[in-house]
> 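Quick one: this structure, given as structure tokens, is what I'll be asking you about.
The analysis underlying the following values was restricted to heavy atoms, covering all of them including side chains, and did not include hydrogens, waters or symmetry mates.
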Amino acid sequence: MGKKGRVALQLVGFGAGVALLVWVIARAFATMTPDDWDRLRNASTGQLAGLVGLAALSVAMNGVLWWLAIRPVKRLRLGDTASVNAIATVLAYAPFKLSVVFRATYHRSVDGLAVLTFGGWAAAIAAGLLAGVVPALALRLTPLSSNLTLWIVASAVGAVVAAIVGSALSRSLATGAGWRFVRRSAFRLGGARGLRLVRGPMFTNLHAATHMLAQPGPVVAAALLRLIDALVLAGRFLIAASVLGVDVSAATAVVVGVAFFLIGALAPTGAAGVREGGAAGLLALLGVDESVTPIVVFVAATGVLGELGIGAMALAWLGPGRLRGLVKRREGASSGGETPGAA
């Protein structure tokens with residue numbers, strides 16, 4: 001697909017997301033009863049502050065997660081890394097993956113991070129997400145989910161075990177002998193296609209990720225922090241449900257909260273609309289009644305306030321001078337003043 005086709009696809013996808021957002025909001029208004037409006041108007045300051053604050057806290061924790069993931073191979077400033085993540089979170093609503101472009105451009109231009117290292121960094125973040133939330137989601141299917149304390153403790157133990165096992169596997173693969181074994185295995189299984197695969201960017205990114213995941217300490221910390229973030233995401237849905245008088249279990253809230261985050265992070269044409277529609281549909285599938293859409297809209301609206309607030313603080317932290325310099329460096333790279341990929 002050519003450049004014009006990709007641009008058109010992004011714009012169409014973004015437009016579809018906005019249309020879906022409008023539909024979700026309209027559906028929420030249509031299902032709201034006079035009692036629901038009274039509950040919304042009577043929401044306490046603490047509940048509203050909790051919704052906005054938890055949204056900002058989630059963004060801040062994700063910034064720490066990005067910092068933890070890269071720490072074994074490159075030391076970055078925590079404040080800078082968290083600020084870049086906060087700005088990228090706000091940009092995630094827009095099409096053209098502006099959040100990814102901004103994050104990669106900043107860390108390449110300011111921190112000297114190689115493009116392929118950035119790919120491995122993203123893979124390490126994904127691995128930490130799996131270690132942190134998969135045990136909790138799996139335990140939702142067991143009787144443990146009926147006891148919140150036991151479920152959280154078991155999920156934490158599962159996250160630690162998954163992180164340690166994953167780190168040990170990564171450490172073995174990060175060695176020369178371990179990676180040669182992977183390459184030989186891919187070639188034997190896939191022949192020429194397997195050889196092209198191991199020489200491609202995906203395997204290069206995975207190799208970079210194994211070095212980041214080889215130290216168990218940061219990996220365990222990231223898995224536990226990811227589990228805490230999942231609980232924070234769940235807390236937003238539980239508060240919104242309590243305001244509207246809807247019964248939502250903690251286990252259900254975790255599933256929907258994680259899905260809400262993942263859909264927004266992975267949406268190829270911007271998070272707006274796609275995230276809200278997906279969360280509302282998942283709540284309905286999990287047996288919550290038709291009041292699901294007001295809950296999702298309430299979470300999304302207060303979340304925007306929290307994200308904009310921490311995004312503004314991030315802009316102040318990085319400063320306009322540094323961001324203007326970033327734009328100039330990118331313009332210089334585009335005009336040939338800098339070698340693409342050099343770091």
> Are W317 and I87 connected into the same hydrophobic cluster when the rule is that any two of I, L, V, M, F, W, Y join if their side-chain heavy atoms are below 4.5 Å apart?
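I87 and W317: one cluster.
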> Please, which pairs that meet salt bridge (charged side-chain N to carboxylate O under 4.0 Å, His left out) have at least one residue in residues 76-90, sequence neighbours excluded?
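Qualifying pairs: R77-D80, D80-R322.
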> Applying a strict under-4.5 Å side-chain criterion to I, L, V, M, F, W and Y, I'd like to know whether L286 and V297 cluster together.
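Yes; V297 is reachable from L286 via cluster members.
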> How many angstroms lie between atom CG of L98 and atom OG1 of T105, to the nearest 0.5 angstrom?
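Atom-to-atom, L98:CG and T105:OG1 are 10.0 Å apart.
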> What is the minimum heavy-atom distance between P72 and M212, and which atoms define it?
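That would be CG-O, 3.3 Å.
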> Is there a side-chain contact between Q10 and R6 in this structure, where contact means two heavy atoms from C-beta onward sitting under 4.5 Å apart?
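No; the side chains remain at least 4.5 Å from each other.
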> Please check if V274 and L21 belong to a single hydrophobic cluster, counting links between Ile, Leu, Val, Met, Phe, Trp and Tyr side chain heavy atoms closer than 4.5 Å.
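No; tracing contacts between hydrophobic side chains, which count when under 4.5 Å, never links both residues.
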> With no hydrogens and no angle check, is any side-chain donor or acceptor of S109 less than 3.5 Å from a backbone partner on Y106?
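Here the side-chain-to-backbone pair does not exist.
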> Let me have the donor-acceptor pairs involving side chains of residues 152-160, under 3.5 Å, with sequence neighbours excluded, atom names and distances please.
{"residue": "S155", "atom": "OG", "partner": "W151", "partner atom": "O", "Å": "2.7"}

> Please report the C-alpha distance between F298 and L51 in whole Å, then the side-chain angles of each, then the deciding distance to 0.1 Å, and finally whether the side chain to side chain contact (heavy atoms under 4.5 Å, CB included) criterion is met.
CA-CA 9 Å; F298 195 22; L51 284 165; 3.7 Å; yes
> Return all side-chain donor-acceptor pairs below 3.5 angstrom for residues 253-267, not counting sequence neighbours, or 'none' if the list is empty.
none

> Side-chain contact test, heavy atoms from C-beta onward, threshold under 4.5 Å: evaluate it for L76 versus R71 and give yes or no.
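Side chain of L76 against side chain of R71, heavy atoms only: no contact under 4.5 Å found.
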> Mind checking what makes side-chain hydrogen bond (donor to acceptor under 3.5 Å, both in side chains) contact with T45, not counting sequence neighbours?
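Partners of T45 under the side-chain hydrogen bond (donor to acceptor under 3.5 Å, both in side chains) test: none.
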> Does any pair with a residue in residues 298-310 pass side chain to side chain donor-acceptor pair (under 3.5 Å), and if so which ones, sequence neighbours excluded?
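The answer is Y93-E307.
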> Can V299 be reached from L20 by stepping across I, L, V, M, F, W or Y side chains whose heavy atoms are under 4.5 Å apart?
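Yes.
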> Before giving the answer on side chain to side chain contact (heavy atoms under 4.5 Å, CB included), spell out for L57 and M61 the whole-Å C-alpha distance, their side-chain angles and the decisive distance to 0.1 Å.
CA-CA 6 Å; L57 177 60; M61 286 195 296; 4.2 Å; yes
> Table please: side-chain donor-acceptor pairs of residues 113-141 below 3.5 Å, with sequence neighbours left out.
{"residue": "W121", "atom": "NE1", "partner": "W66", "partner atom": "O", "Å": "2.8"}
{"residue": "R140", "atom": "NH2", "partner": "T252", "partner atom": "OG1", "Å": "3.2"}

> Rounded to the nearest 0.5 Å, what separation is found between the NE2 atom of H211 and the CD1 atom of I70?
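Output value for this atom pair is 12.0 Å.
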> Side-chain heavy atoms under 4.5 angstrom apart, residues restricted to Ile, Leu, Val, Met, Phe, Trp, Tyr: same cluster for L91 and L315?
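Yes: a chain of side-chain contacts under 4.5 Å links L91 to L315.
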> Restricting to non-hydrogen atoms, name the atom on T81 and the atom on G63 that form the minimum distance, rounded to 0.1 Å.
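That would be CG2-O, 4.0 Å.
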> For L285, enumerate each residue passing the side chain to side chain contact (heavy atoms under 4.5 Å, CB included) test, keeping only those at least two apart in sequence or located in another chain.
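Per chain and number, L285 pairs via side chain to side chain contact (heavy atoms under 4.5 Å, CB included) with no residue.
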> Measuring only between side-chain heavy atoms, which start at C-beta, is M32 closer than 4.5 Å to P294?
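M32 vs P294: side chains touch.
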> Sub-3.5 Å donor-acceptor pair from the side chain of S146 to the main-chain atoms of P143, do we have one?
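Yes, because the side chain of S146 sits within donor-acceptor range (under 3.5 Å) of the backbone of P143.
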> So, for I239 and S242, which heavy atoms are closest and what is the spacing to 0.1 Å?
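In terms of heavy atoms, the two residues are closest at O-OG, 2.7 Å.
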> Taking all non-hydrogen atoms of both residues, which atom of R236 and which atom of L54 are closest, and how far apart?
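It is CG-CB, 3.7 Å.
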> Run through the side-chain heavy atoms of Ile, Leu, Val, Met, Phe, Trp and Tyr, join any pair under 4.5 Å, and report what else lands in I310's cluster.
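Listed partners: V59, M313.
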> Minimum heavy-atom separation for A214 and R171, please, with both atom names.
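That closest heavy-atom pairing would be O-NH1, 3.0 Å.
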> With distance as the sole test, does K74 use its side chain to make a donor-acceptor pair with the main-chain N or O of G112 at under 3.5 Å?
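Not confirmed, K74 side chain does not pair with G112 backbone.
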> How about I295 and F237: do any of their side-chain heavy atoms sit closer than 4.5 Å?
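When only atoms from C-beta onward are counted, F237 and I295 do touch, with a gap below 4.5 Å.
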> Restricting to pairs with a member in residues 9-36, which pass ring pair (Phe, Tyr, Trp, His ring centres under 6.0 Å), not counting sequence neighbours?
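Those involving residues 9-36 are F29-W37.
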> Could you name each residue pair satisfying salt bridge (charged side-chain N to carboxylate O under 4.0 Å, His left out) that touches residues 39-61, not counting sequence neighbours?
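Those involving residues 39-61 are D36-R39, D38-R41.
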> Can you see which heavy atom on T293 is nearest to which on V24, and at what distance?
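In this case the closest contact between T293 and V24 is CB-O, 4.2 Å.
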> Please tabulate, for the side chains in residues 222-234, all donor-acceptor contacts under 3.5 angstrom to protein atoms that are two or more places apart in sequence or on a different chain.
{"residue": "R226", "atom": "NH1", "partner": "N62", "partner atom": "OD1", "Å": "2.8"}
{"residue": "R226", "atom": "NH1", "partner": "D229", "partner atom": "OD2", "Å": "3.4"}
{"residue": "R226", "atom": "NH2", "partner": "N62", "partner atom": "OD1", "Å": "3.4"}
{"residue": "D229", "atom": "OD1", "partner": "S58", "partner atom": "OG", "Å": "2.6"}
{"residue": "D229", "atom": "OD2", "partner": "N62", "partner atom": "ND2", "Å": "3.2"}

> Only pairs at least two apart or in different chains count here, so list each salt bridge (charged side-chain N to carboxylate O under 4.0 Å, His left out) that has a residue in residues 251-265.
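Qualifying pairs: none.
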